[in-house]
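All chains are named by letter (A, B, ...) in the order of the sequence lines, taking the proteins before the strands, and each is independently numbered beginning at 1. Note that the structure is predicted; figures quoted are calculated from it, not measured.
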Amino acid sequence: MGKKLDLKLDIKEIKQYDAASVEKEIFSYWEENGFFKPEAHKRSKKEDRFTIILPPPNANGNLHLGHASGYSYQDLMGRYNRMLGRETLLLPGKDHAGIQTEVVFEKELAKKGKRKKDIGREAFYDQAYEFSMMNSAIARGQERRLGLSADYERELFTLDPRIKKTVFETFVSMYNDGLIYRGKRIINWCVRCQTALADIDTEAKNEDGFLYYIEFGPFVIATTRPETKLADTAIAVNPKDKRYQKYIDTEVEIHSVEGTYKLPVIGDYTVDPEFGTGVLKVTPGHSVEDFRIAQNHNLPIKTVIDQYGKMAANTGKYAGMKVLEARDAIVKDLDEMGLLVKTEKINHNIRVCERCKGVIEPLISYQWFIKMEDLKANAIKALTDGKIHFHPKRQEKNCLHWLQIPEDWCISRQLWWGYQIPAWYCGGKNHVIDKDGNVEEVYGSTGGCGKIIVSTNKPENCPYCGKKNLVQDEDVLDTWYSSGQWPYATLLAHDADFERYFPTQVMETGRDIIFFWVARMIMLSLYKYNEVPFSDVYLHGIVLDKDGKKQSKSKGNGIDPMQEIEKFGADALRLSFIVGNAPDQDYRLYEEKIRGFRNFINKIWNASRFIMLQLDSLEDMTQLLTTVESLEKGDYRNENETLSLHNAHLKTMRKLMDSFRFGRAGDEIYTYFWHRFCDIDIEHMKKEIQDHPENKEENLGILVYILLTELKVLHPFVPFITEYIWHILGEYGIHQEESETIMYSRYPVIA
RNA sequence: GGGUAAUUAGCUCAGCUGGUAGAGCAUACGAUUCACAUUCGUAGGGCCGCAGGUUCAAGUCCUGCAUUACCCACCA
C-alpha cells in the first residue's frame with residue numbers, strides 16, 4: 001500500500017478537534033492512494049457502477065458558495081455509492097464559459113490598458129486560455145480542500161482537443177442531418193457584447209417608459225419605439241375589430257417624418273384590440289413579433305438600426321444617431337408636424353443581455369441555428385416516459401414547459417472565445433446592404449463556388465469546385481452547445497470510459513440551469529445515442545445570504561467558502577449546505593450556522609475520545625472485539641433500546657439516502673448522533689460501567705460498534721473527521737480486515 | 001397574462017405516502033475538576049398566513065384569497 005495517514009492529533013490529549021490542521025493531509029492520503037479512481041473498486045456489472053459527471057464551474061474566477069454546495073451533494077452521493085460497493089466515478093471539469101469569460105477577460109485586459117482588438121484574435125484566445133488554466137488550477141485546489149473525491153486524472157476543460165473532437169463530430173452530423181442550418185432570422189443582438197444571443201441568454205427587465213400616440217394615415221397608433229417606424233412595412237389590425245375591418249387588404253397613405261408613402265393594412269389575430277388604439281405598425285426588421293407577422297403575410301423587411309445601436313444610413317437626417325437620440329428627435333419632429341396625439345407613461349418589459357444587462361436590439365441576421373422541433377419532441381417523450389427522475393419531481397414540469405417553446409436555438413456567437421465554427425465558405429463570405437438597409441450574405445465573391453463546407457477539419461480544397469480559397473466562419477459556438485454534450489464528450493475523452501460509464505446515474509445542479517444545460521444535455525444525448533444521459537436529476541437550493549438575498553460579488557455580500565473552511569473545517573461547511581435543507585429550496589447561510597456544525601464535528605471527536613479513553617483502561621481487547629464482531633453480524637439485535645433504536649436509525653438513513661432526501665438524512669444523523677448516542681447512550685453506559693464493571697467489555701463493545709457504524713453513515717457527509725477517527729480505531733485493531741480507509745468500508749446494512 | 005414555490009416558536013428552517021407540533025440559534029434558570037463551555041440539564045414560547053371543503057382524523061389532501069420570491073410569455 002502507498003501513503004499512510006499520519007495521526008498527529010492525539011485524541012487522548014486534544015479536547016478540541018482542529019479540522020484545518022488535518023484535513024489537507026487526509027485528502028492527500030486519499031488521493032495519493034488512488035482511492036478516487038473507479039479502478040480502485042472495479043465491478044463487472046453495469047448496475048454496480050455509479051457515475052456523476054460534475055458540472056464544470058466557469059474557469060474565470062474562484063470557487064463560490066454555489067459551487068461548494070453543489071460539490072458537497074455530489075461528493076455525498078459519490079461517497080455513499082462507493083461505500084455501497086459500487087464502482088464510482090466523479091468526473092470533474094472546468095468550463096470555458098464563452099461570453100462570460102470573454103467579458104471577464106476583456107476587463108482583465110482593460111486593467112493593462114489593452115483592448116481585445118489591440119492584441120488580435122489568436123493572442124486573445126491564447127491568453128484567455130492561459131487565464132482559464134490558471135483559474136482552473138486555483139479552483140481545483142479549492143475543490144480538493146472541500147474534500148471532493150473526484151478523479152482528477154480525468155479532469156477536462158471544455159475546450160480540450162478531446163472534447164473538441166466530439167463537439168465537431170456532432171456538429172457535422174447534425175448539419176448533415178439537416179438539424180443545423182445557416183439561416184437569416186431575427187435574433188437577439190446585444191449591442192454591448194456585439195453578438196447574437198439565444199432567447200434563453202436574454203432576460204426581461206421591467207422599465208418605465210412612454211407610449212407615444214401618433215397619427216398614422218387614417219389611424220392613430222401607439223408605440224414605445226417611434227424610431228422603428230422608419231422601418232414599417234405594414235399596418236396590422238385584428239380582423240375582428242369592427243373599427244378597422246374596412247381597411248384590411250387596402251393600402252393607406254401616410255404622411256410622416258420621412259415623407260409621404262403607402263403601407264398595406266393587414267388583418268392578424270395576434271393584434272390585441274385592447275392595447276393602445278388596436279392598430280399595430282409592423283416593423284419586421286426590429287421586432288420579434290412583427291417579424292413573425294411579416295413571415296405569415298409575406299411582407300418586405302426594412303432595416304434602419306445597425307449593429308451598434310445607431311440609425312442606419314438609410315434614415316436620412318437621423319442616420320448615425322443612437323437609438324434613444326433618434327427616438328427623441330423623431331418625437332420632436334412628429335410633435336412639430338402636429339402628428340403626436342399624446343404621450344402616456346407606461347411600465348413594460350424590455351429584453352436585456354443575461355450577462356451584461358445591456359439592451360437587446362432585435363435584428364435580422366445570418367446565424368447558425370439548430371432546428372429544435374424534433375429534438376424537443378424526443379426529450380419530451382423521454383421525460384413523459386419517466387426515463388429521468390427529477391428531485392424534487394415538480395421541476396420536471398418546469399423542464400417540460402421549456403421544451404414546449406418551439407423556437408430554434410441560435411448557436412453562433414460573434415466572439416473570439418470558444419470553438420470557432422467548423423464551417424468553411426468557398427470563396428469567402430461578404431455582406432452587402434440592399435436599398436432597404438437589409439444585410440445580405442454573399443458567398444464566393446473572392447473566387448470560389450460559394451458553397452458551405454462543414455467538416456471537423458479544414459478541407460484541403462473545396463470538394464465541389466476544387467479551389468483552395470476556403471475561409472472559415474469567424475463566429476464561435478454557443479458555450480452551451482459544447483456543454484450540452486458534456487456527459488458523453490467527457491467519457492469519450494478517455495478510452496473505454498464511455499462504454500463503461502455511459503449513461504450516467506445522476507446530474508446534480510441548481511434549477512437555474514435546467515433550461516440552459518439539463519434540457520440540452522438530454523436533447524443532444526438523445527440525438528446522438530438515443531439514450532438519456534442520466535437517470536436522476538437532483539437539484540439543490542440556491543445559497544442566500546443572511547437577509548435572504550442572492551450572494552454575489554457585485555453586492556459584496558458573499559461568504560468566501562475557503563475562509564469558512566479555514567475557520568471551521570470543510571466538514572462543517574459541507575454540513576451547512578445539506579442538513580435540514582429541502583431539495584430545490586433556497587436557504588440562507590451565515591457564519592453562526594457553520595459554527596454550529598463545527599460544534600457537531602467536535603462532538604463526534606469527543607464522543608470518540610471518551611470511547612478511546614475507556615478502551616485504554618482495558619487489559620485486553622479480545623472480548624470487546626468479539627462483541628463488536630457479533631453485533632456486526634446481527635446478533636444481539638433488539639436486545640435493548642439502545643441497539644434497537646440504532647437499528648431503526650440505520651434503516652431510516654438508508655431509506656432517506658436512497659430516496660435522495662439528503663437534507664432529512666443529515667438531520668436524522670445529526671439528531672441521532674448527538675441527542676441519542678451522546679446524550680443518552682453514552683451517558684447511560686458511563687453509569688453502567690461504574691455500577692457493573694464486570695460488564696465493561698460488553699458495554700463498551702456496544703458503544704464501539706455503534707461508533708463504528710455511525711462513522712460510516714456520517715462519512716459521506718463529513719469525510720475528514722470520520723476518516724481520521726476510523727484510523728484511530730484501526731490502531732486499536734477494531735476494523736482490521738475490513739478496509740484501511742473508511743471510504744471503502746461497508747455501508748451498514750440492516751436486514 | 002401564465003406557472004412554481006414560500007407563509008410553522010423571537011430569528012433561520014425541517015416535517016416522506018394525513019394519526020395528539022420538531023431542530024438549531026436566541027432567551028431564562030441551573031449544573032459541571034470525572035469525553036466535550038465548540039458541554040450538559042430544565043423552562044418559557046406556536047388557533048402550522050386567512051377562509052371554506054374532504055375525512056373518524058389535516059401543518060400534511062382539495063378549492064378560493066392574501067402577501068413574498070423566482071420562472072415563463074410577442075403586449076406593440
Side-chain angles (χ1 to χ4, degrees), chain A residues 11-12 14-19 186 199-200 203-204 209 211-212 221-226 228-229 232 236 268 270-283 286-293 346-349 351 362 392 394-395 397-398 400-402 404-405 407 511-512 514-515 541-542 544 546-550 568-569 572 576 579-582 584-590 592-593 595-614 652 655-656 659-661 663-668 670-671 674-675 678-679 682-683 685-686 689-690 703:
Chain A
I11 197 159
K12 285 162 229 154
I14 293 179
K15 294 184 176 184
Q16 278 158 28
Y17 173 71
D18 178 17
I186 192 152
D199 290 353
I200 201 177
E203 56 189 31
L211 188 60
Y212 303 96
I221 51 136
T223 179
T224 54
R225 298 201 62 186
T228 64
K229 75 184 296 306
D232 293 341
D268 193 290
T270 60
V271 178
D272 178 4
E274 303 292 316
F275 185 88
T277 58
V279 184
L280 171 71
K281 65 182 199 63
V282 183
T283 319
H286 299 291
S287 154
V288 174
E289 179 52 19
D290 293 6
F291 181 79
R292 253 175 244 168
I293 293 175
I346 188 178
N347 185 273
H348 63 151
N349 286 336
R351 307 289 319 168
R394 65 179 124 82
Q395 286 297 348
K397 271 190 281 179
N398 194 12
L400 277 170
H401 175 76
W402 183 76
Q404 277 146 10
I405 300 170
E407 282 301 295
R511 69 170 173 285
D512 49 337
I514 289 178
F515 308 143
I542 290 159
L544 307 171
K546 198 169 184 173
D547 301 317
K549 299 243 165 56
K550 219 170 159 171
F568 302 114
S576 66
V579 175
N581 292 326
D584 193 44
Q585 192 59 52
D586 298 350
Y587 59 97
R588 304 177 191 203
L589 185 63
Y590 37 88
E592 293 93 302
K593 227 179 199 172
R595 182 181 294 120
F597 288 115
R598 189 272 318 263
N599 295 353
F600 176 63
I601 301 295
N602 198 51
K603 193 74 186 174
I604 300 173
W605 177 258
N606 275 293
S608 311
R609 182 166 179 259
F610 170 75
I611 291 171
M612 305 300 165
L613 289 170
Q614 294 300 318
T652 305
K655 205 170 88 189
L656 292 172
S659 55
F660 290 82
R661 284 151 64 197
R664 279 282 301 117
D667 221 18
E668 165 72 22
Y670 179 94
T671 308
W674 199 324
H675 301 301
C678 294
D679 290 352
I682 293 184
E683 290 301 323
M685 284 301 180
K686 245 193 228 174
I689 289 167
Q690 264 179 8
L703 289 188

Give each protein N/O atom lying under 3.5 Å from an N/O atom of nucleotides 21-27 of chain B, with the pair distance.
{"from": "B/G24", "atom 1": "OP1", "to": "A/His675", "atom 2": "NE2", "distance (Å)": "3.2"}

- Item | Verdict with supporting geometry, A/Asp290 and A/Leu280, side chain to side chain contact (heavy atoms under 4.5 Å, CB included) | CA-CA 9 Å; A/Asp290 293 6; A/Leu280 171 71; 4.0 Å; yes
- Item | For atom CG of A/Asp512 and atom P of B/A69, their distance in whole Å | 19 Å
- Task: Please measure how far the C1' atom in B/C61 lies from the corresponding atom in B/U17, and state the result in whole Å.
- Result: 12 Å
- Item | Charged tip of A/Lys603 within 45° of A/Phe600 ring normal and under 6.0 Å | no
- Going by modelled atom types, is there a donor-acceptor pair between the base of B/C36 and the side chain of A/Lys603 at under 3.5 Å? yes
- Query: Going through the checks in order, is the side chain to side chain contact (heavy atoms under 4.5 Å, CB included) test met by A/Phe597 and A/Phe568?
  - Reply: CA-CA 8 Å; A/Phe597 288 115; A/Phe568 302 114; over 6 Å; no
- Message: Rounded to whole Å, how long is the line connecting atom CD of A/Glu203 with atom P of B/C72?
- Response: 8 Å
- Task: Check step by step if side chain to side chain contact (heavy atoms under 4.5 Å, CB included) holds for A/Tyr17 and A/Asn606.
- Result: CA-CA 8 Å; A/Tyr17 173 71; A/Asn606 275 293; over 6 Å; no
- To the nearest angstrom, the CD-C1' distance between A/Glu683 and B/C36 comes to 10 Å
- Task: Quote, to the nearest angstrom, the C1' distance that separates B/G46 from B/C11.
- Result: 14 Å
- Item | Pairing of A/Arg351 and A/Glu289 as salt bridge, 4.0 angstrom limit | no
- Query: Starting at the 5' end of RNA chain B, which residue's closest nucleotide do you reach first, A/Ala607 or A/Leu211?
  - Reply: A/Ala607
- What's the CG-P distance between A/Asp290 and B/A76, to the nearest Å? 11 Å
- Message: Counting the atoms with a prime plus P, OP1 and OP2 as sugar-phosphate, which does A/Gly276 contact under 4.0 Å by heavy atoms, base, sugar-phosphate, or nothing?
- Response: nothing
- Message: With heavy-atom distances below 4.5 Å as the criterion, would you say the side chains of A/Lys281 and A/Thr223 are in contact?
- Response: yes
- Message: From NE2 of A/His401 over to P of B/C71, roughly how many Å is that when rounded to an integer?
- Response: 13 Å
- Query: Going from OG1 on A/Thr652 to CD on A/Glu668, what distance comes out if it is rounded to the nearest 0.5 angstrom?
  - Reply: 5.0 Å
- Query: Does B/U38 have OP1 or OP2 sitting under 4.0 Å from an N or O in the side chain of A/Arg595?
  - Reply: no
- Query: Going through the distances and angles, do A/Met612 and A/Arg609 end up as a side chain to side chain contact (heavy atoms under 4.5 Å, CB included)?
  - Reply: CA-CA 5 Å; A/Met612 305 300 165; A/Arg609 182 166 179 259; 5.7 Å; no
- Any residue meeting salt bridge (charged side-chain N to carboxylate O under 4.0 Å, His left out) with A/Arg511, in chain and number order, not counting sequence neighbours: A/Asp584, A/Asp586
- In Å, rounded to the nearest 0.5 Å, how long is the span from CD1 of A/Ile514 to CG of A/Leu400? 10.5 Å
- Would you mind reading off the distance between A/Gln614 atom CD and B/C34 atom P, rounded to a whole angstrom? 13 Å
- Task: Output the single nucleotide from B/G15, B/A76, B/C71 whose closest atom is nearest the side chain of A/Ala582.
- Result: B/G15
- Message: Need one value for A/Ile542: base, sugar-phosphate or nothing, where a base atom within 4.0 Å counts as base even if backbone is also close, heavy atoms only.
- Response: nothing
- So what does A/Tyr17 hit on the nucleic acid, given a heavy-atom distance under 4.0 Å: a base, only sugar-phosphate, or nothing? nothing
Polar atom pairs between nucleotides 4-9 of chain B and protein, under 3.5 Å, N or O only, would you list them?
{"from": "B/A5", "atom 1": "O2'", "to": "A/Gln585", "atom 2": "OE1", "distance (Å)": "3.4"}

- Message: Taking only side-chain N and O atoms of A/Arg661, does any of them lie within less than 4.0 angstrom of OP1 or OP2 on B/C16?
- Response: no
- Given the C1' atoms of B/U7 and B/A14, what is the spacing between them in whole Å? 15 Å
- Taking the P atom of each, how far is B/G53 from B/A21, in whole Å? 22 Å
- Closest to the A/Thr224 side chain: B/C13, B/A76, B/U38? B/A76
- What integer number of Å spans the C1' atoms of B/G15 and B/G59? 8 Å
- Distance between the P atoms of B/A69 and B/G52, in whole angstroms? 28 Å
- Task: Classify the nucleic acid contact of A/Asn349 as base, sugar-phosphate or nothing, counting any heavy atom under 4.0 Å across all strands shown.
- Result: base
- Query: Just to confirm, is there a sub-4.0 Å distance from OP1 or OP2 of B/A35 to any side-chain nitrogen or oxygen of A/Lys686?
  - Reply: yes
- What would the secondary structure line of RNA chain B be in dot-bracket form, counting Watson-Crick and G-U wobble pairs under 3.5 Å, with [ ] for pairs that cross earlier ones and | for pairs with another strand? (((((((..((((.....[..)))).((((((....).))))).....(((((..]....))))))))))))....
- Item | Contact nearer the 5' end of RNA chain B, comparing A/Arg598 with A/Val288 | A/Arg598
- Message: With rounding to the nearest 0.5 angstrom, report the CZ to CG distance, A/Arg292 to A/Asp268.
- Response: 11.5 Å
- Task: Take atom P in B/A35 and the same atom in B/C16, then report the distance between them in whole Å.
- Result: 39 Å
- Item | Ion pair A/Lys686/A/Glu683, N-O distance below 4.0 Å | yes
- Task: Ignoring the backbone of A/Ile682, work out which of B/A73, B/A76, B/A35 is nearest its side chain.
- Result: B/A35
Please tabulate, one pair per line, each protein N/O and nucleotide N/O from nucleotides 42-46 of chain B that are separated by under 3.5 Å, including the distance.
none

- Looking at residues at least two apart in the chain, or sitting in another chain, which of them share a ring pair (Phe, Tyr, Trp, His ring centres under 6.0 Å) with A/Phe660? A/His391, A/Phe662
- Could you state the atom-to-atom distance from CD of A/Gln16 to P of B/A35 in whole Å? 15 Å
- Taking CZ from A/Arg511 and C1' from B/C70, how many angstroms apart are they, rounded to a whole number? 6 Å
- Item | Heavy-atom donor-acceptor pair, A/Thr283 side chain to A/His286 backbone, under 3.5 Å | no
- State whether the side chain of A/Arg588 and the backbone N or O of A/Lys546 hold a donor-acceptor pair below 3.5 Å, judged by distance alone. yes
- Query: Which is true for A/Arg664 with a 4.0 Å heavy-atom rule: it touches a base, it touches only sugar-phosphate, or it touches nothing?
  - Reply: sugar-phosphate
- Message: Side chains of A/Ser287 and A/Thr228, heavy atoms from C-beta outward: is any pair under 4.5 Å?
- Response: no
- Check every strand shown and say whether A/Ser287 touches a base, only sugar-phosphate, or nothing at a heavy-atom separation below 4.0 Å. nothing
- Item | Presence of donor-acceptor pair under 3.5 Å, side chain of A/Glu407 and base of B/A73 | no
- Taking atom C1' in both B/U39 and B/U33, what distance in whole Å separates the two? 14 Å
- Message: Could you tell me if the side chain of A/Asp199 sits less than 4.5 Å from the side chain of A/Phe515, heavy atoms only?
- Response: no
